[in-house]
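Notes follow the structure.
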Amino acid sequence: MATEGTYYVPAQSKWPIIASIGLFLTLLGAGMMMNDMTAGVKDSSAHYVFYAGGLIMAWMLFGWFGNVIQESRAGLYSAQMDRTFRWGMFWFIFSEVMFFAALFGTLFYVRVLAVPWLAGEGDGAMTHEMLWPNFIADWPLMVNPDNDLFVGAADVVDPFHLPLLNTLLLVASSITLTLAHHALRANDRYKIKLWLIITLILGTAFLFFQVEEYIEAYNELGLTLSAGIYGSTFFLLTGFHGAHVTLGAIMLAVMLVRVYQGHFEADNHFAFEAASWYWHFVDVVWVGLFIFVYLV
Amino acid sequence: MTSVTDTASSHEHDEHHHGPAKGLMRWVLTTNHKDIGSMYLWFSFIMFLTGGAMAMIIRAELFQPGLQIVEPAFFNQMTTMHGLIMVFGAVMPAFVGLANWMIPMMIGAPDMAMPRMNNWSFWILPFAAVMLVSTLFMEGGGPNFGWTFYAPLSTDYAPPSTTFFIFAIHMLGVSSIMGAINIIATILNLRAPGMTMMKMPLFVWTWLITAYLLIAVMPVLAGAVTMMLMDIHFGTSFFNAGGGGDPVLFQHIFWFFGHPEVYIMILPSFGIVSAIIPAFARKHLFGYTSMVYATASIAFLSFIVWAHHMFTVGIPLIGELFFMYATMLIAVPTGVKVFNWVTTMFRGSMTFETPMLFSTAFVVLFTIGGFSGLMLSIAPADFQYHDTYFVVAHFHYVLVPGAIFAIFAACYYWLPKWTGHMYDETLAKVHFWMSFIGMNLTFFPMHFVGLAGMPRRIPDYALQFANFNEISSIGGFLFGTTQLLFLFIVIKCIRGGEKAEAKPWEGAEGLEWSVPSPAPYHTFTTPPDVK
């Protein structure tokens, strides 16, 4: 067992270079796919590059985290290393906070400033007169300034239907996750599994209903990515949030597998804590989304 | 207290305990902060020459009025790529390289906090650079909208290669964020016992604050390019007023990233000259505490001044006023810093070895860049200066004798520690003077043509600007070719030269001078005691 003050410096590792190649291929493939899609290229083979990159990334994550878990279980990590992981995760989540801050900032800027200016408010009188004199500011914006180019949505998602249900699901999942954490600290293995499985079910249900909502928005409401700025911000914010829920759920699923493998001790389980920090973070983002995207 | 440098179970890497592995794979697989630091610095220098070659094309085209060497469309790609490569490929990786080499040694740590992730941060960069530079060879050409890539030039009117430019930016962002997290974790967690925060060298302090800025703003840049990508490929209207969006929104998001970004490129320089000036004035740094607070204040202010880049775009009067006054406030902490450097020199026993020459030039010339920045901060005056060569002169004065000179100073100051040899002082002084003259010759006349109204990013200009542009181009060629001399000096220093002592500079302070030169492959596996 490592003692306080012993800092583990790993030997050479192949994972960083594999990760770089994987990331490069994934993004190269994604870029080729998008360019081919926009250019209308038939039978594009770009997706092979993308999948190859994705597989390499998955292999890398499996191998790299596998190494870290082995080292951790071999007792090579000291309390100082534990603090490194904590700082690392904290600042990673801070970077995510800033990413969502940019997206929320976009929403607020458009709602509070850009759309009213287009309708002639403030210094925007001449803009309004010269560009789209018939444009009326409104939020949710159903009729866009150039409504032929960007056909506005017919209706918006009812916040008290699926979104409210989803809010309850995610808030409940944060509570059940905390219960799992308490069980872990009490070393009650049965209850950890139970609460973690319930958390995962709640998270998956959230994602399922989110997809339902998207299908409804596209098929019944005419609320699409190209429905103007309301659709743009709606899908940007909920879409990136959904991607983060997916990532968080994968993290929690890995934690569940590790619990079944007998990993984690009552006083030493930072991987579990990191995953739960992340889960609480996406939960908080959702509350912001529910208020600012759906409600007001 | 010891550090474990290998897993207990794997013995095939036993040589790792003693020194570096052999062959190419040493560099690919390494987890050693010194190896990674060296790779960062070499990568940065290659990018510096690449971006520099583009600058040479720009200056060759501008040597005379009229179009003679390149097509206007290609000229636009050159200005764009020159800016992007210098910012993301040359300056930022150079500072991360210096951080990698020096921070663990300065705080008495065995390595960076997360050595494997450290190597990943580096190895993303060559791939991102390949993706970025490859856009030049794609159909429709590379990015041609300036390094600030304003929408709708970068969305509706952009070449198809913009998609790959966006993903290159994403990769650079991932690298920067991971690098910054690593640096913060190292500084907060791996300091030797007794190394309290207020005993840290200023280079460590400035990097701590720079890393914080990086984590705060690189995700915002990621958000901006993601929205561009959506506008280009998925029919959204973030930056399209027809759908209720706003092209000005792009500028707000970009500069919310962009202004802290310019401090990311200068704060580590402050740390470097704050180490070098005391060493060669043989005095302690004047006003250490005020330096720390000034750095933190500059970082804070960097978040609330972004719209001074947008005075002419049409923002409300109250915005113009707020951003004007907030910007002027930056002169206060910056003034504190310049005062402290000058006061450190005051009545010191100064000698002017190359690091000190570059640092002294830094203080003088960066101050000139700061003053032209103060001129630009005056909103009504900026209406005149906006998008002229005056702006080009301003930011090259803070970036070339600011960031780049500080990087040169750092290289000369620490080369003996890295290589175990003294560099060739005579050649290095030639490098300094040619860089100093070349740089001023290039950028000083730009103030004049800018104030007279010459617009930036245009391959042609009115006859009246011909003489000053000719001088700028000659200066540019001088500065550019001089950098090959720097390459020669560094290679010569690596291959041999006078043996360097553990502490080759009489007045130098800090833990890095307590280990032999060249620094052993692993330093401070046992943390030193700091009094």
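Nothing here was measured: the structure is a model prediction, and the numbers come from that model. Chain naming here is simple, since letters A, B, ... match the order of the sequence lines and numbering starts at 1 in each.
- Neither the backbone nor the side chain of A/Met89 comes within less than 4.5 Å of any heavy atom of chain B.
- Proximity to chain A is limited to the side chain of B/Phe164, based on heavy atoms less than 4.5 angstrom apart.
- Close approach to chain B, defined as a heavy atom under 4.5 Å from one of its heavy atoms, is seen in A/Trp132 of residues 126-138 of chain A, taken by number.
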- [ ] In sequence, state the C-alpha distance, the side-chain angles, and the governing distance for A/Phe235 and A/Tyr218, and then conclude on ring pair (Phe, Tyr, Trp, His ring centres under 6.0 Å).
- [x] CA-CA 11 Å; A/Phe235 284 107; A/Tyr218 258 78; 5.6 Å; yes
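- With a 4.5 Å cut-off on non-hydrogen atoms, A/Leu225 touches chain B through its backbone and its side chain both.
- The backbone N or O of B/Met117 sits less than 3.5 Å from a side-chain atom of B/Ser121, completing a donor-acceptor pair.
- At a threshold of 4.5 Å between non-hydrogen side-chain atoms, the residues B/His33 and B/Pro115 do not count as touching.
- Per-residue counts of heavy-atom pairs under 4.5 Å with chain A were compared for B/Pro219, B/Gly314, B/Pro316, B/Ala222; the largest is that of B/Pro219.
- Ring-plane geometry between A/Phe24 and B/Phe127 is classed as tilted, the angle between the planes lying from 30 to 60 degrees on a 0 to 90 degree scale.
- Chain A forms the most heavy-atom pairs under 4.5 Å with one residue out of B/Asp111, B/Leu190, B/Ile124, B/Ile315, and that residue is B/Leu190.
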TODO: Determine, stepwise, if the pair B/Asn189 / A/Arg86 fulfils side-chain contact (heavy atoms from CB on, under 4.5 Å).
DONE: CA-CA 10 Å; B/Asn189 195 28; A/Arg86 282 167 198 276; over 6 Å; no
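- Chain A forms more heavy-atom pairs under 4.5 Å with one residue of B/Phe257, B/Phe256, B/Trp123 than with any other, namely B/Trp123.
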TODO: Check the pair B/Leu214, B/Trp207 against side-chain contact (heavy atoms from CB on, under 4.5 Å), reporting the backbone distance first and the verdict last.
DONE: CA-CA 10 Å; B/Leu214 275 169; B/Trp207 242 115; 3.9 Å; yes
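- Counting heavy atoms of neighbouring residues, nucleotides and ligands inside a 6.0 Å radius, atom CD1 of B/Ile318 does not exceed 12 of them.
- Among B/Asn118, B/Thr186, B/Asn32, the single residue meeting the side-chain hydrogen bond (donor to acceptor under 3.5 Å, both in side chains) criterion with B/Asn100 is B/Asn118.
- A tilted orientation is assigned to the rings of A/Phe108 and A/Phe104, their planes being inclined by 30° to 60°.
- In this structure, the separation between CG on A/Leu237 and CG on A/Leu289 is 5.5 Å, given to the nearest 0.5 Å.
- The most heavy-atom pairs under 4.5 Å with chain A, out of B/Met112, B/His170, B/Met227, come from B/Met227.
- B/Tyr40 and B/Phe43 have their aromatic ring centers separated by at least 6.0 angstrom.
- Note: B/Ala216 leads B/Ala185, B/Ala216, B/Ala128 in heavy-atom pairs under 4.5 Å with chain A.
- Of the atoms belonging to A/Leu27, heavy atoms from both backbone and side chain fall under 4.5 Å from chain B.
- A/Phe240 touches chain B through its side chain: at least one heavy atom from C-beta onward sits under 4.5 Å away, while N, CA, C and O do not.
- Contact of A/Met37 with chain B is made through the side chain alone, with heavy-atom distances under 4.5 Å.
- Of the listed residues B/Leu249, B/Asn119, B/Val220, B/Ile177, the one with more heavy-atom pairs under 4.5 angstrom with chain A than any other is B/Leu249.
- When the candidates A/Leu149, A/Ile229, A/Leu113, A/Asp146 are compared by the number of heavy-atom contacts under 4.5 Å with chain B, A/Ile229 comes out ahead.
- A/Phe281 and A/Phe92 have their aromatic ring centers separated by at least 6.0 angstrom.
- Note: A/Trp91 leads A/Trp91, A/Trp87, A/Phe90 in heavy-atom pairs under 4.5 Å with chain B.
- Contacts of B/Ile215 with chain A are made by both backbone and side-chain atoms, with heavy-atom separations under 4.5 Å.
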- [ ] Please assess B/His252 against A/Thr106 for the test side-chain hydrogen bond (donor to acceptor under 3.5 Å, both in side chains), listing each intermediate value before the final yes or no.
- [x] CA-CA 9 Å; B/His252 280 294; A/Thr106 298; over 6 Å; no
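- Only the side chain of A/Tyr109 comes within contact range of chain B, judged by heavy atoms closer than 4.5 Å.
- The contact between A/Phe150 and chain B is made entirely by side chain atoms (from C-beta outward), counting heavy-atom distances below 4.5 Å.
- Looking at A/Leu28, the atoms closer than 4.5 Å to chain B (heavy atoms on both sides) sit in the backbone and in the side chain alike.
- Proximity to chain B (any heavy atom under 4.5 Å) is shown, for A/Ala39, by neither the backbone nor the side chain.
- Side-chain contact between A/Val9 and B/Thr525 is absent, with no heavy-atom pair separated by less than 4.5 Å.
- No side-chain donor-acceptor contact under 3.5 Å links A/Asn144 and A/Tyr230.
- Heavy-atom distances place the side chain of A/Asp123, and not its backbone, under 4.5 Å from chain B.
- Residue contact with chain B, scored on non-hydrogen atoms closer than 4.5 Å, is absent for A/Asp148.
- Comparing A/Thr233, A/Asn35, A/Val110, A/Val115 by heavy-atom pairs within less than 4.5 Å of chain B, the highest count is held by A/Asn35.
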- [ ] Check the pair A/Thr238, A/Tyr214 against side-chain hydrogen bond (donor to acceptor under 3.5 Å, both in side chains), reporting the backbone distance first and the verdict last.
- [x] CA-CA 10 Å; A/Thr238 57; A/Tyr214 278 10; 2.7 Å; yes
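- Aromatic ring orientation, A/Phe270 versus A/Phe85: parallel (interplanar angle below 30°, classes split at 30° and 60°).
- B/Met218 does not touch chain A: none of its heavy atoms, backbone or side chain, sits under 4.5 Å away.
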